[in-house]
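Written below as structure tokens is the structure these notes are about.
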2 protein chains.
Amino acid sequence: MAARAARGGHHGVSIEDVAAAAGVSTATVSRAVRGLPRVSEQTRRRILDVASELGYVASSAASGLATGRTRTIGVLAPYVDRWFFYKALEGVERELHEQGYNLSLFSLDSRSGERQRTFSKTMVAKHIDALLVLCMALSMDEIQELRRLDIPLVAVGGPVEGCSSIGINDVEAAALATRHLLDLGHRDIGVLHGQDDDEDLNFQVPELRVNGFHEELARAGVEYHPEWEVRGNFTLASGAEAFEELWNRPGPKPTALMCASDEMAMGVILQAQRRGLRVPEDLSVIGIDDHEFSPVMGLSTVAQDPVAQARLGTRMLLDELAGKAGSVHDVHADFELKSRTSTAPLS
Amino acid sequence: MAARAARGGHHGVSIEDVAAAAGVSTATVSRAVRGLPRVSEQTRRRILDVASELGYVASSAASGLATGRTRTIGVLAPYVDRWFFYKALEGVERELHEQGYNLSLFSLDSRSGERQRTFSKTMVAKHIDALLVLCMALSMDEIQELRRLDIPLVAVGGPVEGCSSIGINDVEAAALATRHLLDLGHRDIGVLHGQDDDEDLNFQVPELRVNGFHEELARAGVEYHPEWEVRGNFTLASGAEAFEELWNRPGPKPTALMCASDEMAMGVILQAQRRGLRVPEDLSVIGIDDHEFSPVMGLSTVAQDPVAQARLGTRMLLDELAGKAGSVHDVHADFELKSRTSTAPLS
DNA sequence: GTGAAAGCGCTAACAT
DNA sequence: ATGTTAGCGCTTTCAC
């Protein structure tokens with residue numbers, strides 16, 4: 001109570017206060033509170049007691065200045081209000097706080113003013129010990145800037161040039177989804193792309209998924225219909241619109257649709273039903289992701305786990321910081337077919 | 001290029017490097033880079049040039065230590081992977097980065113180990129200049145701890161004892177949803193609660209929404225049926241389960257259902273359709289929130305805007321930090337009925 | 001096992 | 001308008 005009046009600062013108990021109250025030097029307090037050796041158990045306990053009594057918490061600014069470490073890692077993402085991103089964010093957060101690290105969020109999209117993604121500037125720089133990049137579409141310049149930061153870097157959910165990344169093999173995942181449709185006997189299969197005009201998202205992912213689709217079709221010797229190819233931007237609304245566009249085109253319709261994301265697949269299903277089509281009787285639909293709504297929607301999908309991917313990426317960063325050089329490396333995350341009720345054999 | 005070799009530090013250009021290169025003192029550099037007065041335009045420009053050439057960025061630890069300010073504000077939330085939360089987070093982030101502030105995320109739920117929500121400890125403390133609390137259920141002890149931090153505090157999306165908060169009037173919002181159903185002629189109305197066993201979420205919100213429902217019913221002189229009251233936890237899955245539970249109960253069924261959140265409302269609709277019910281012909285359903293899926297689902301709802309609420313809360317915090325005492329205060333955010341196709345007149 | 005003291009890089013009086 | 005200097009609170013040799 002009275003202790004804090006001792007020093008001038010109106011705010012915050014310093015290490016000196018603790019040292020004084022415990023009758024030791026600040027060096028010893030420092031060792032004690034950080035659990036370092038070279039402190040007798042007896043003094044350590046006394047110091048810890050005094051510290052907690054005084055409500056002492058080390059100033060991160062001060063220790064950051066002294067050590068050069070902030071115990072904060074940054075997350076760079078184009079959005080946070082989209083499935084993969086908020087899931088991954090949750091994963092990073094959990095892993096980090098289990099290790100006593102802080103998470104600093106940088107969400108930069110082209111919406112945010114003059115596209116002044118000055119992240120390596122005032123923002124990211126000197127603030128964080130490592131950086132995790134979530135499916136950002138980065139220009140070469142931006143990547144250069146990031147690398148110049150000279151801190152551990154890892155990408156999650158989409159490759160970044162010259163930087164280890166963890167994520168599923170998008171080509172294979174899309175191929176698996178496509179194969180599922182083929183296995184059910186479908187031959188007239190359309191595809192809903194994931195990319196539209198989104199300049200923030202990692203551009204490779206959508207492309208890779210469509211490649212997987214094409215490859216699998218080719219492998220099966222099934223004809224590819226460009227007129228059944230349509231574009232969306234990963235959102236539910238875009239899925240609904242894409243369906244509309246596809247169905248408004250003249251000519252025959254596909255019996256199955258492979259969508260580059262669950263959100264779009266759900267948009268397709270909803271819009272199809274509104275148009276009086278039955279899923280899966282009239283149209284089979286499969287997605288990629290396994291959104292939390294998918295089980296209830298009965299959406300068949302190729303599931304991936306962003307939380308696990310993000311945790312893994314975070315752990316690599318932390319290991320690297322702990323001195324285990326080479327901890328950060330490329331990893332292909334698991335994915336798995338989940339067959340539900342939005343897909344059925346061709347009747 | 002060669003400049004960084006000048007000093008011992010292998011990492012990072014310091015203010016001294018810039019000062020030396022520009023032929024001025026560190027004090028002048030400090031003023032110049034922060035846009036403070038008392039620097040001639042000429043020297044300022046020279047310093048800025050040198051600084052950018054050297055890639056100088058001030059160490060936040062050092063300036064934090066010197067000023068006592070971190071230019072970081074914290075966000076405390078039970079989840080980040082749920083609608084209100086990721087939307088609000090997006091809002092905070094945008095507002096913050098426009099002002100050159102950083103966002104530090106603390107997501108604490110009872111899942112995270114031994115419920116050691118030690119936020120006021122190592123985590124939050126000394127790390128942030130202000131804190132925004134997102135619909136957290138806080139114990140009295142925890143609230144005490146937070147207040148002891150002695151930094152500006154604001155709650156968004158649910159009242160926190162002894163702390164200004166911004167959010168919609170949940171009672172009125174629920175009443176509005178209920179009134180919509182009444183106006184359509186419905187008299188047999190069920191309600192889907194928002195709370196189940198969630199100890200992390202702010203407990204008041206679910207309760208308030210149900211209160212609004214009850215009050216509106218009473219006001220209209222319509223009988224309340226406890227057997228049409230069922231509980232969920234704000235998720236889609238819980239909505240589906242709740243519908244199932246409700247419909248499995250013996251006795252007559254309601255013709256309309258007021259749900260405490262859109263996610264649950266969507267779960268209800270999906271499950272109802274699976275059971276062969278038509279929405280809205282056989283059952284009208286209304287939610288609260290206006291989830292991004294709701295327009296496509298045709299879900300009628302009482303819309304609120306978490307992004308705007310979060311931005312406002314953030315701005316208040318920033319204003320308070322800027323010295324405008326009293327900037328943080330209670331605000332009731334807007335909400336609005338959006339009538340779509342999940343509700344229809346009683347036939 | 002413990003203490004003294006020199007920084008870490010910046011800011012804020014206070015000179016000039 | 002610019003420079004000097006004394007910290008901010010912690011960590012970390014290096015003595016003892």
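Below, read A as the first sequence line, B as the second, and so on, with proteins coming before strands; counting in each chain starts at 1. Every value quoted in this text rests on a predicted model; they were computed, and no experiment measured them.
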Helical bend (five base pairs per end, nearest 10°) for the helix from C/dG1-D/dC16 to C/dT16-D/dA1: 30°

Ring geometry between B/Y86 and A/Y86 (parallel below 30°, tilted from 30 to 60°, perpendicular above 60°): parallel

Rounded interatomic separation in angstrom, taking CG from A/L36 and P from D/dT13: 11 Å

Below 4.0 Å: OP1/OP2 of D/dG9 and any side-chain N or O of A/T26: no

Minimum-distance nucleotide (side-chain atoms of A/A66 versus C/dC10, C/dC14, D/dC10): D/dC10

Among D/dT2, C/dT2, D/dC10, the nucleotide that comes nearest once only the side chain of A/I15 is considered: D/dC10

Protein-nucleotide distance (B/E41, atom CD; D/dA1, atom C1'), rounded to Å: 12 Å

Side-chain N,O (B/T28) to OP1/OP2 (D/dT2) below 4.0 Å: no

Proximity to the side chain of A/S14 - top-ranked nucleotide from C/dT2, D/dA1, D/dC10: D/dC10

C/dG1 base / A/R44 side chain donor-acceptor hit below 3.5 Å: no

Rounded distance in Å - CG (B/L54) to C1' (C/dG9): 15 Å

Given D/dG9, C/dG3, C/dC10, the nucleotide with the shortest approach to the side chain of A/A62: D/dG9

Rounded distance (nearest 0.5 Å) linking atom OG of A/S104 with atom CG of B/N102: 4.5 Å

side-chain N/O A/S40 vs C/dT2 OP1/OP2, d < 4.0 Å: yes

Position toward the 5' end of DNA chain C (nearest nucleotide), B/S63 or B/R38: B/S63

Atom pair NZ/CE of B/K324 and B/M316 - distance to nearest 0.5 Å: 12.5 Å

B/L65 CG to D/dG7 C1', straight-line distance once rounded to whole Å: 9 Å

Whether A/H97 and B/F106 hold their rings parallel, tilted or perpendicular, with breakpoints at 30° and 60°: parallel

Selected nucleotide, minimal atom distance to B/T67 side chain, candidates C/dA12, C/dC10, D/dC10: C/dA12

side-chain N/O A/S30 vs D/dC10 OP1/OP2, d < 4.0 Å: no

Short side-chain to backbone donor-acceptor contact, B/E320 and B/P152, under 3.5 Å: no

Nucleotide nearest B/A27 (side chain, heavy atoms from C-beta), chosen from C/dG3, C/dC8, D/dG3: D/dG3

Separation of atom CZ in A/R46 from atom C1' in C/dT2, rounded to whole Å: 11 Å

Salt-bridge present (A/R94, A/E98; N to O < 4.0 Å): no

Nearest-Å distance for atom pair CZ/C1', residues B/R71 and C/dC10: 15 Å

Sugar-phosphate only, base, or nothing, as touched by B/R34 at under 4.0 Å among non-hydrogen atoms: sugar-phosphate

Under 4.0 angstrom between B/S25 side-chain N/O and D/dG3 OP1 or OP2: yes

Interatomic distance where CZ belongs to A/R31 and P belongs to C/dG3 [whole Å]: 8 Å

Pairing of B/R44 and B/E41 as salt bridge, 4.0 angstrom limit: yes

Within 6.0 Å of CD in B/E161, more than 12 heavy atoms from elsewhere: no

